[in-house]
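Written out below as structure tokens is the structure these notes cover.
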Amino acid sequence: MAEKPRWFQTTAIDYPNSRPHIGTAFEKVGADVQARYRRMEGYEVFFLMGNDENTLKVADRAKELGEEPQAYCDRMAGEFQQVWQALDISYDVFIQTSHERHKQCCRKFIQKVYDNGYITKGSYEGWYCPGCEEFKSDKVHADNAGQCPNHKRPLVRRSEPCYYFKLSAFQDRLLKHLKENPEFVQPESRRNEMIGFIEAEGLQDLNISRAGEEWGIRMPFDPAFTIYVWFDALLTYITGIGYGDDEALFRKNWPADVHFIGKDITRFHTHIWPAMLWAAGEEAPRQVFSHGFVTVDGSKMGKSMGNVKDPLEIIGKSNSDAYRYYFMRECPFPSDGDYSGQRYEEVYNTELANNFGNLFSRCVTLITKNYGGVLGGTAGRSPEAMPAESTAAGPAASDGQVRLIHLPSVINDVRSLLEGCQYNRAIISVVANILTPTNQYMEANAPWKLVKTDPGAAKRVLFNAVQSLRVASILLKPFIPRSAEAIYTSFNFPKPWAEVRYADAAELAAQPDDLRVTAELVDGKVKPLFPRIG
RNA sequence: GGCGGGGUAGCUCAGUGGUUAGAGCAAUCGCUUCAUAAGCGAUGGGUCGCCGGUUCAAACCCGGCCCCCGCUACCA
């Protein structure tokens, strides 16, 4: 009966035209932090990712390389997953839209929408480029004086039969849904845009078919047409959890708790996607979170700029935790952020190496050198809260007394920031409210001096300081899983690492045994967890 | 053009009416040496986009202006 709540989340599925860069990785890391946090908090998480392969561009790229489209897609799927694994992205399933299972389930969905009367045959008229073999929008036509920007040839007016999705039928319902569910589109600014769009322009029906293409999914009710790529791409989110062939799994996981996507495709997810689902008699997802983009040294990243950054290259110079920490700490997930090699070193060295890693090292060394690695007599003793000099959290000082770190407030703060995907602020909160005050506490009490005059008092100081390491490692677990584990398991804290929750961080509970160092030591010291770089 | 967001220290930002406007990083100086040449402290540095108004009091409220960014449908 105390069944675990489930948590279903997805990332956008990517075009495998080229290898993933730090922009695509930004989304996956942000999503992974959420997945890891939810697992910690007791949710049964299902985390879906995948590649979007049924587009002509993929087929073209394969041809360019002299590969069969399918072989190319499979190879790229492997390369993508190699990067995601290097970043410790804890996805549960990776969907390839070119695989037969997805296609079959996809056809079932579209057939249902067709049967429900929301797909109708019509004709599409627009500006067509014979070179590109595709229609161009009126905007492209207007911006380029009626010429194709790629081929520099005049666009021709052309009309062809097609199938329309009756998006307009859902306009009122969608507007109501957007207004009544503030959580549905996040962040707030994107929600306003999506509401504004409908209020200003309304919704028109969409052409969801393409004629005469080899690569792609055939319309079940008219094999002369393929399904336009974005329509089947969105369906990954449900075919991946069994829509069409595993009813139980699908019912268990739908609706999705959150779709993590880039801000550029917000409209697809917040207008078209809910309408598609409604047209098939399903519920809309609970939330769509549009994250920002990453720039490189202040410039937009792109092939033409020649500044596309490969995550593996950056990891190679540091490690996956450092990579995750940088982007989550430095780039606000809901907005844009910047990557620069210099800033990367700065953040790594100041916060990970100097502030966190070094605190860990000095604690371990002091305990090992002065107490043989065991703080005798601490069994059953509760740690004391330490002063919260540099923090804004905790109860306000009303009487000039020294304020102490109030763990429950800090944890609540971090927790709500994390749940709102304000990852950078969550990390900053841990540093400011836990780590920095602990370094100050060490300085103020100088256990390395105190041990000579009052070993018992010095022991108490170290005992308290180590508690900060325990708290910080728990709070940072979703961000830097490997390092957090390494720190936590360097001491004999009673609760197994796999079972720790945020609530554990909020307590300064006594432990049954004397606190001792269990880390592997070389000459009485731990190997630096974050060796300085640069 | 319309709608929305924003312009605060060299950089990234916090701060929505009330003591001399804050943090982190960067810079300079000092203390310290348990620790990953790490830590702690101090200092310098801001016309809070511009102009006007409301108020005893405005970065914060109101009006005008300047600048930047996002959205403005098939670029998945």
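No experiment lies behind these values; they were computed from the predicted model shown.
Judged as a ring-ring contact (aromatic ring centres under 6.0 Å, His included), and not counting sequence neighbours, His102(A) has no contacts. Legend: residues meeting ring-ring contact (aromatic ring centres under 6.0 Å, His included) with Phe80(A), ordered by chain and number and at least two apart, are absent. Here Tyr243(A) pairs with nothing under the side chain to side chain donor-acceptor pair (under 3.5 Å) rule; sequence neighbours left out.
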Under a 4.0 Å heavy-atom criterion, the protein footprint on nucleotides 29-38 of chain B, written with B, S and -, is ----SBBB-S
What is the per-nucleotide protein-contact pattern of nucleotides 69-76 of chain B, from the 5' end, where B denotes a base atom under 4.0 Å from a protein heavy atom, S denotes such proximity for sugar-phosphate atoms only, and - denotes neither? -BSSBBSB
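Taking atom NZ of residue Lys179(A) and atom C1' of nucleotide C3(B), one finds them 13 Å apart after rounding to whole Å. To the nearest angstrom, P of G4(B) lies 14 Å from CZ of Arg191(A). Between the CZ atom of Arg343(A) and the P atom of G10(B) there is a distance of 16 Å, given to the nearest Å. Counting to the nearest Å, the P atom of A14(B) and the CD1 atom of Ile427(A) are 16 Å from each other. We find that CZ of Arg329(A) is positioned 12 Å from C1' of A14(B), with the value rounded to whole Å. Rounded to a whole Å, the CD atom of Glu345(A) is 12 Å from the P atom of A26(B). Whole-Å rounding puts the Glu351(A) CD to C13(B) C1' distance at 13 Å. If you measure from atom CG of Asp413(A) to atom P of A14(B), you get 15 Å, rounded to the nearest angstrom.
Not one side-chain nitrogen or oxygen of Gln342(A) sits closer than 4.0 Å to the OP1 or OP2 atom of C25(B).
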With salt bridge (Lys or Arg N to Asp or Glu O under 4.0 Å) as the criterion, how do Arg107(A) and Asp232(A) come out once you've worked through the C-alpha distance, each side chain's angles and the decisive distance to 0.1 Å? CA-CA 9 Å; Arg107(A) 284 189 200 100; Asp232(A) 96 79; over 6 Å; no
Determine whether Asp222(A) and Lys121(A) satisfy the following criterion, salt bridge (Lys or Arg N to Asp or Glu O under 4.0 Å), listing intermediate values before the conclusion. CA-CA 10 Å; Asp222(A) 189 343; Lys121(A) 191 154 188 184; 3.7 Å; yes
Donor-acceptor contacts, no H, no angles, side chain residues 517-534 of chain A, under 3.5 Å, sequence neighbours left out:
residue	atom	partner	partner atom	Å
Thr518(A)	OG1	Thr489(A)	O	2.9
Thr518(A)	OG1	Ser490(A)	O	3.2
Thr518(A)	OG1	Phe491(A)	N	3.2
Arg532(A)	NH1	Asn354(A)	OD1	2.9

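Separating the C1' atom of C68(B) from that of U8(B) is a span of 15 Å, rounded to the nearest Å. With P as the reference atom, G45(B) and G53(B) are 30 Å apart, rounded to whole Å. Taking atom P on both C61(B) and U16(B), the two are 10 Å apart, rounded to the nearest angstrom. The C1' atoms of U72(B) and C11(B) are separated by 33 Å, rounded to the nearest whole Å. Straight-line distance between the C1' atoms of A14(B) and G7(B): roughly 15 Å, to the nearest whole Å. Using C1' as the reference atom, G10(B) and A27(B) are 9 Å apart when rounded to the nearest Å. Between U47(B) and A59(B), the two C1' atoms lie 12 Å apart (nearest whole Å). Comparing U28(B) with G5(B), their C1' atoms sit 38 Å apart, to the nearest whole Å.
Remark: G63(B) base-pairs with C51(B); criterion is Watson-Crick or G-U wobble with both hydrogen-bond distances under 3.5 Å. Across all strands shown, G4(B) forms a Watson-Crick or G-U wobble pair, both distances under 3.5 Å, with C69(B). Within the shown strands, C13(B) is the pairing partner of G22(B) under the Watson-Crick or G-U definition, both distances less than 3.5 Å. Nucleotide A42(B) forms a Watson-Crick or G-U wobble pair with U28(B), both donor-acceptor distances falling under 3.5 Å.
Phe333(A) has its ring centre less than 6.0 Å from the ring centre of Phe26(A).
Looking at Asn439(A), its side chain does come within 3.5 Å of a backbone N or O of Asn355(A) through a donor-acceptor pair.
Looking only at side-chain heavy atoms (C-beta outward), Thr24(A) and His21(A) come within less than 4.5 Å of each other.
Residues Gln70(A) and Ser98(A) have side chains that bring a donor and an acceptor to within less than 3.5 angstrom of each other.
Taking CG from Asn424(A) and OH from Tyr325(A), the interatomic distance works out to 10.5 Å, rounded to the nearest 0.5 Å.
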